[in-house]
> 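If you scroll down you'll find the structure; I have some questions about it.
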Amino acid sequence: MGEVRLRLDRERWREHLGVVMRSAPGLVPVIKGNGYGFGRARLATEAAALGVDTVAVGVAKEVKRVRRYFDGDIVILQPWDAADDEAHACLADPKVITTVSRLADLDAIADSDLEPRVLVEVQTSMRRHGIRLDHLGAVTPLLQRVRFEGWSLHLPLRVEGRYAEAQALTRAAVAVIPGTLWLSHLPPDEASQLAAQAGAEPVGVRLRMGTRLWLGAKMHRQTVATVLDVHPVRRGERAGSVATGSLEAAGLALSPYTINGKKRWFLEPPHMQSSQVFLPRTETPPAIGDEVPVELRLTTANVDSVAWDL
Ligand SMILES: *Cc1c(COP(=O)(O)O)cnc(C)c1O
C-alpha cells in the first residue's frame with residue numbers, strides 16, 4: 001500500500017458546507033493544524049467562497065498561512081502568550097482578533113498602545129484556559145485600552161450539564177460588560193438562545209466550528225491508498241516480518257486497509273511511505289495501481305493528495 005488520497009465529491013461537500021452555514025448564523029469556520037485533512041490553504045479558500053467574514057486559527061503563526069487565501073478577520077484561538085513573537089506582532093494587525101485568558105496578559109496588551117482587538121476567555125469546567133468567574137470584575141478597567149470584541153467560552157464536548165454551565169457563565173460575563181459570545185461545541189439553536197437570554201438586551205453570537213463543518217458529511221468523501229505491489233506467497237514462506245500461516249500466533253496488528261470488504265492484517269509495522277498487508281490465498285488480490293479504502297482520522301492524518309472527484 002502506498003500513497004494515501006482523500007477523494008471528495010466537491011459539489012456535495014460544498015452543499016453540506018452551505019447547509020451548515022445557513023443553520024448557524026455568524027458561523028466562524030475553524031482552520032487549524034493539519035486543516036482537518038484538507039490542508040489549511042484549501043479550507044481558507046472554501047471559507048472565502050462561503051462568504052464568511054471571520055475564520056479562526058489555532059495559533060498565531062497560522063495567521064499568515066491563512067491570510068494568503070482569506071481576506072477577512074482572523075481569530076486566534078490559543079490564548080495570547082507573551083513569549084510568542086508572532087502573537088505580539090498580531091496585536092498590531094487590525095484584522096486579527098486575539099484571545100486573552102489571563103488578567104496579567106490583558107494588562108500587558110492594554111499597555112501596548114496598539115489598541116488590539118481582543119476576546120476575553122472565561123474559564124469553563126474544562127479548566128483549560130480562561131479567567132475565573134470570580135475574577136471577571138477586574139476585566140472592566142483593562143478593556144478601556146483595547147477593542148473588546150466579546151467573550152470566549154470553550155465548552156466541553158460532553159453534553160450533560162453543558163447548557164446550564166454555559167448559561168451561568170455567559171450571564172455572569174455579560175453582567176460584567178455586554179459583548180458578543182464566541183462559543184464552541186454547542187448546537188446553533190442553543191448558542192442563539194444563550195445570546196438572547198444572556199442579559200437584559202440580547203448580545204451577538206459567533207459559533208466556532210471545525211469538525212462538524214469540514215468533516216460532518218462522511219458520504220461525500222473517501223480515503224484510499226494505492227496498491228504498489230502484489231506478491232504471491234506460499235504457505236510457510238517468509239513475508240514481511242513473519243512466516244505466513246502463523247498470523248494469529250505472531251500477534252499481528254489489524255491494518256486500516258479494507259480489501260474485498262474486510263480490514264486486513266499488517267505483515268510488518270507500517271513504513272512511512274508503504275505498508276504490507278496480508279491477503280489469504282482464497283481472496284482475489286487487487287491489481288497494482290488499484291485504490292483500496294483506508295480508514296484515517298482526518299483531524300490528525302496528513303494525506304498525500306486530495307482529489308475533487310470521488
Ligand atoms: C479547535 C477549536 C474549535 C473547533 O473544534 P471542532 O471540534 O473541530 O469543531 C473550536 N473552539 C476552540 C476554542 C478550538 O480550539
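Whatever order the structure lists ligands and atoms in, that order sets their numbers, starting from 1. Keep in mind that this is a model prediction, so the values were computed, not measured.
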> Quick one: does Lys32's side chain get under 4.5 Å of Ile76's, heavy atoms only?
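With C-beta onward as the side chain, the pair stays apart.
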
> Can the ring centres of Tyr257 and Trp265 be said to be less than 6.0 Å apart?
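Judged by ring-centre distance (under 6.0 Å), Tyr257 and Trp265 do not meet the cut-off.
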
> Using the ring-ring contact (aromatic ring centres under 6.0 Å, His included) rule, collect all pairs that involve residues 87-116, keeping only residues at least two apart or in two chains.
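Listed by first then second residue: Trp80-His88.
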
> Provide the full list of side-chain hydrogen bond (donor to acceptor under 3.5 Å, both in side chains) pairs with a residue in residues 286-296, sequence neighbours left out, each pair given once.
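Listed once each, the pairs are Arg5-Glu291, Arg7-Glu291, Lys263-Glu295.
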
> Hey, what's the ring geometry for His16 with His220, parallel, tilted or perpendicular (30° and 60° as the breaks)?
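Answer is perpendicular, since the angle exceeds 60°.
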
> Which pairs count as side-chain hydrogen bond (donor to acceptor under 3.5 Å, both in side chains) when at least one residue sits in residues 129-140, sequence neighbours excluded?
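Residue pairs with at least one partner in residues 129-140: Arg132-Asp134.
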
> Distance under 4.0 Å, heavy atoms only, partner ligand 1: which residues pass?
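Close residues (ligand 1, cut-off 4.0 Å): Val30, Lys32, Tyr36, Leu77, His154, Ser184, His185, Met209, Gly210, Thr211.
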
